[in-house]
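What follows is a short report on a single structure.
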Amino acid sequence: MKKERKEEKKKRTRQGGAVLLLGAELDEHDEPTDEMRGRVRLAAQEYRQGDAGVIVACGGILPGHNRAEADVMADLLCGEGVPSHAVRLEDRSQNTMENIRYAAALLGDVKERRLLVVTSDYHLHRAKATARRLGLCVKGRGVKMPHNASWWVLWLKERCYMIDLRMGWQDEGRKRPEWIRRLFDRIFGSRS
């Protein structure tokens, strides 16, 4: 009897839960980076544990690339043992706000689902704040990234994006003021 209840609970969780696997930029050869592989492994682990019935791989084709991040992650997920019927592709987004907005639209009944955002540790706070900005209730898991020489740049960039988010510059139909965009471009490069 106890085992049956446990199986029923696992079945309900799997049916109602979804993982939003946020994209990570591909390398210069359109191959997955270690960061992307880590995110995929974590999402696959969540699926195998029965915490979600579907994984939405998020990420479109970024400038300078020929493949969508979502397509690459879907291949990696299948390699991790996640069945293809459990993977949905959100392959048109260009940033975190679009990742979450388009994934939620793809899922449809998103308010009824338990959502887990999977990303990197430095990006997790902003990803969850972005989901809340869109009215979603999410939990999050982040892959631990090594602290190397470029860590401070990532940290600073995330803080700047949080300002964007709080100012509403990532909301649909809005954008950063031109002088802020130029400042971001100067500090972080033109792909910010």
Side-chain angles (χ1 to χ4, degrees), residues 7-26 32 35-62 65 67-143 158 161-162 164-166 168-174:
E7 286 299 315
E8 182 61 30
K9 181 180 177 190
K10 191 173 183 177
K11 184 179 175 183
R12 283 195 316 270
T13 299
R14 195 171 272 269
Q15 289 171 344
V19 172
L20 306 184
L21 173 57
L22 303 188
E25 190 169 353
L26 300 169
E35 182 174 3
M36 179 182 279
R37 289 179 190 282
R39 291 181 187 190
V40 167
R41 277 192 296 275
L42 183 55
Q45 176 186 336
E46 292 295 328
Y47 178 83
R48 285 191 297 272
Q49 289 175 351
D51 294 335
V54 65
I55 298 174
V56 181
C58 301
I61 301 173
L62 293 179
H65 292 281
R67 295 179 73 192
E69 294 170 358
D71 292 331
V72 175
M73 290 189 298
D75 292 343
L76 292 172
L77 285 165
C78 289
E80 289 283 332
V82 177
S84 59
H85 68 81
V87 179
R88 295 192 189 164
L89 299 180
E90 180 293 292
D91 58 1
R92 58 190 186 122
S93 61
Q94 299 290 301
N95 56 51
T96 303
M97 179 64 83
E98 290 178 357
N99 283 167
I100 296 171
R101 180 183 291 126
Y102 298 160
L106 188 65
L107 290 170
D109 60 347
V110 74
K111 299 287 186 190
E112 302 300 316
R113 291 183 181 261
R114 285 174 301 288
L115 300 175
L116 177 71
V117 173
V118 171
T119 188
S120 301
D121 58 353
Y122 69 87
H123 184 241
L124 186 58
H125 179 69
R126 177 166 61 104
K128 289 180 359 182
T130 300
R132 286 193 300 273
R133 179 100 182 168
L134 293 169
L136 305 176
C137 181
V138 298
K139 292 189 176 188
R141 299 258 336 258
V143 174
E158 287 302 307
Y161 278 122
M162 285 300 294
D164 262 15
L165 193 61
R166 288 192 176 108
W169 296 335
Q170 293 184 23
D171 293 351
E172 201 163 15
R174 300 215 37 217

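Keep in mind that what you see is a predicted model, and the values were worked out from it rather than measured. Computation of the quantities below employed the complete heavy-atom set of this structure, encompassing side-chain atoms and omitting hydrogens, waters and symmetry-equivalent molecules. Counting from 1, the numbers follow the sequence of the chain as shown.
- Put simply, the side chain of Leu134 reaches to within 4.5 Å of the side chain of Met97, judged on heavy atoms.
- Taking 4.5 Å as the limit, some side-chain heavy atom of Leu22 sits within range of a side-chain heavy atom of Ile100.
- Checked against side chain to side chain contact (heavy atoms under 4.5 Å, CB included), Val143 has the following partners two or more places apart in sequence or in another chain: Arg39, Leu42, Met145.
- Between Arg92 and Glu98 the shortest side-chain heavy-atom distance does not fall below 4.5 Å.
- Between Arg133 and Asp171, at least one side-chain N (NZ, or NE/NH1/NH2) sits under 4.0 Å from a carboxylate O, which counts as a salt bridge.
- A salt bridge links Arg67 with Asp75; the closest basic N to acidic carboxylate O contact falls under 4.0 Å.
- We find the CZ-OG1 distance between Arg141 and Thr119 to be 12.5 Å, quoted to the nearest 0.5 Å.
- When side chains are defined from C-beta on, Leu107 counts as touching Leu115, because their heavy atoms get closer than 4.5 Å.
- Contact annotation: the side chain of Tyr161 approaches that of Gln170 to within less than 4.5 Å [non-hydrogen atoms, C-beta and beyond].
- With a 4.5 Å cut-off on side-chain heavy atoms, His125 and Glu158 do not count as touching.
- Rounding to the nearest 0.5 Å gives a distance of 11.5 Å between CG of Leu20 and OG1 of Thr130.
- No option in Leu21, Asp91, Leu89, Ile55 other than Leu21 meets the side chain to side chain contact (heavy atoms under 4.5 Å, CB included) test with Met73.
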